[in-house]
Amino acid sequence: MKTTRLQKRVIHVPALTAIALTVILPGTTAPAQEPPAAAAAVPAADARPAIQYRVEAENRVPMAAGRNLIIQRVSPPVLPPAPPVVLRPPLTPAQLAARHAARPAPIETRLLSLTVTRYTENLSYIEWWPQGGGEPYGAWSNADYEALRMVPEMEVTPGEIRWLIFPYIINNRILRPSTGPLALPQLPADGPGFLLVKGDPADRDNVNPVAALHKIYKEEGAELKRVWLERQRLLLAEEAWRAANPPPIRGDAVIRFWMIESQVQDAQPSNPSRK
């Protein structure tokens, strides 16, 4: 199975701002990496001996696939000594200042949660809630929001606002209005677009993100569809592989516990009136 790599592109949106698009591209090959260094062998002197338990009481709880949950009360075992704790020296004021200066500038993160009623590949009705509350915005769109699942985030204002995109898609293949004929919108025939039917079109803070999303789809739609279909193919292949290769049945699960006496002394003076 090929490796998945993340690629980041910057797309310029007319009348808006630049958009940083993160697209997941399965089927590409990740850059070669150096093999990990071999783990250092543990000297025999550092190998810890197995802990011996003496069971005082036991209870078995049947589980699925013939397994049991075994709960054992054991005598306090002899535990190996704990490894020494190595404390790091505290950072100096100069080191703290350098660490603070190296941090990137904070970016405000907002959520663009879309409810998408998808009738066909090129016809959907979308709703989203405005920032700060209020009535939801609504629009007809001819973008394929299944493919737009591959756009997890974008920056409408580079370096200032990051939008996390969560589309909730309802696939509805039948246009069946409750009363009267349904007047379908006249959407652009030359490419993806949307027609705002609810909300203030002058409110750029709430319209710009959806406009930017359609701009991404206009320029990257073919690749996004390819990625989406490839992802679905890989998911089906993984599901078939898991069905043909079920995990081995594990043995019983064992939980052991023992009673200890508190080593903390009561620092409060005893109350002579308490019996």
Side-chain angles (χ1 to χ4, degrees), residues 1-2 4 6-7 9 11 13 19 21-28 110-131 133-154 156 162-199 201 206-244:
M1 185 178 294
K2 296 182 178 179
T4 298
L6 296 182
Q7 293 185 355
R9 307 179 184 180
I11 298 176
V13 181
I19 297 174
L21 167 62
T22 302
V23 182
I24 302 175
L25 299 175
T28 57
R110 296 181 183 178
L111 175 64
L112 179 59
S113 181
L114 300 168
T115 301
V116 182
T117 304
R118 186 174 182 265
Y119 295 99
T120 66
E121 180 179 340
N122 299 317
L123 180 61
S124 298
Y125 181 76
I126 59 176
E127 281 192 338
W128 68 97
W129 293 94
Q131 300 296 311
E135 294 297 321
Y137 278 56
W140 287 95
S141 169
N142 58 4
D144 186 359
Y145 277 83
E146 291 285 14
L148 281 173
R149 289 180 186 269
M150 299 294 96
V151 184
E153 65 180 50
M154 64 181 179
V156 178
R162 176 186 296 114
W163 291 88
L164 303 181
I165 305 168
F166 289 89
Y168 175 70
I169 299 178
I170 305 171
N171 283 291
N172 187 347
R173 300 295 181 183
I174 302 177
L175 292 174
R176 186 177 296 169
S178 57
T179 58
L182 180 63
L184 295 179
Q186 295 295 325
L187 294 173
D190 58 345
F194 67 100
L195 176 64
L196 190 69
V197 294
K198 289 173 60 178
N206 291 299
V207 178
N208 271 12
V210 176
L213 199 59
H214 283 77
K215 180 61 178 178
I216 291 174
Y217 184 79
K218 185 175 183 178
E219 299 192 1
E220 302 285 340
E223 181 66 6
L224 292 174
K225 285 186 178 181
R226 186 195 69 80
V227 171
W228 168 252
L229 293 176
E230 178 68 6
R231 178 187 179 189
Q232 296 304 106
R233 186 189 68 80
L234 293 176
L235 289 176
L236 291 176
E238 181 182 4
E239 182 179 351
W241 184 89
R242 290 183 181 276

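Nothing fancy with the numbering, it's 1 onward along the sequence.
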Verdict with reasoning, V210 to F194, per side chain to side chain contact (heavy atoms under 4.5 Å, CB included): CA-CA 9 Å; V210 176; F194 67 100; 4.3 Å; yes
Step-by-step salt bridge (charged side-chain N to carboxylate O under 4.0 Å, His left out) determination, R233 to E230: CA-CA 5 Å; R233 186 189 68 80; E230 178 68 6; 2.7 Å; yes
Under 3.5 Å donor-acceptor, W128 side chain and V207 backbone: no
Heavy-atom pair with the smallest gap, counting every atom of P209 and W163: CG-CZ2, 3.4 Å
CD1-OG1 distance between I126 and T115, expressed to the nearest 0.5 angstrom: 10.0 Å
Beyond-backbone contact of L164 with R110, side-chain heavy atoms, under 4.5 angstrom: no
Side-chain donor/acceptor of D144 to backbone N/O of K225, under 3.5 Å: no
Spacing of CD belonging to E238 relative to CG belonging to L236, to within rounding of 0.5 Å: 10.0 Å
Distance-minimising heavy-atom pair for S124 and T120: OG-O, 4.2 Å
Shortest non-hydrogen separation from W129 to P136 and the atoms involved: CZ3-CD, 3.4 Å
Pairwise side-chain contact, M154 with L213, heavy-atom cut-off 4.5 Å (strictly under): yes
Nearest heavy atoms of I169 and Y145, plus distance in Å: CD1-O, 3.4 Å
Pairwise distance NE2(H214) to CD(E219) - rounded to 0.5 angstrom: 14.0 Å
4.5 Å side-chain heavy-atom contact, R118 and E146: yes
From M150 atom CE to I216 atom CD1, the distance as rounded to the nearest 0.5 Å: 13.5 Å
Non-hydrogen side-chain atoms of W140 and L123 separated by less than 4.5 Å: yes
From L148 atom CG to L224 atom CG, the distance as rounded to the nearest 0.5 Å: 6.0 Å
N142 side chain vs G193 backbone, donor-acceptor pair below 3.5 Å: yes
Worked check of salt bridge (charged side-chain N to carboxylate O under 4.0 Å, His left out) between K198 and E127: CA-CA 9 Å; K198 289 173 60 178; E127 281 192 338; 3.1 Å; yes
Test item: L196 and Y137 side chains (from C-beta on) under 4.5 Å apart, heavy atoms: yes
Closest contact, heavy atoms only, A147 versus W228: CA-CB, 4.2 Å
Separation between NZ of K218 and NZ of K215, rounded to the nearest 0.5 Å: 5.5 Å
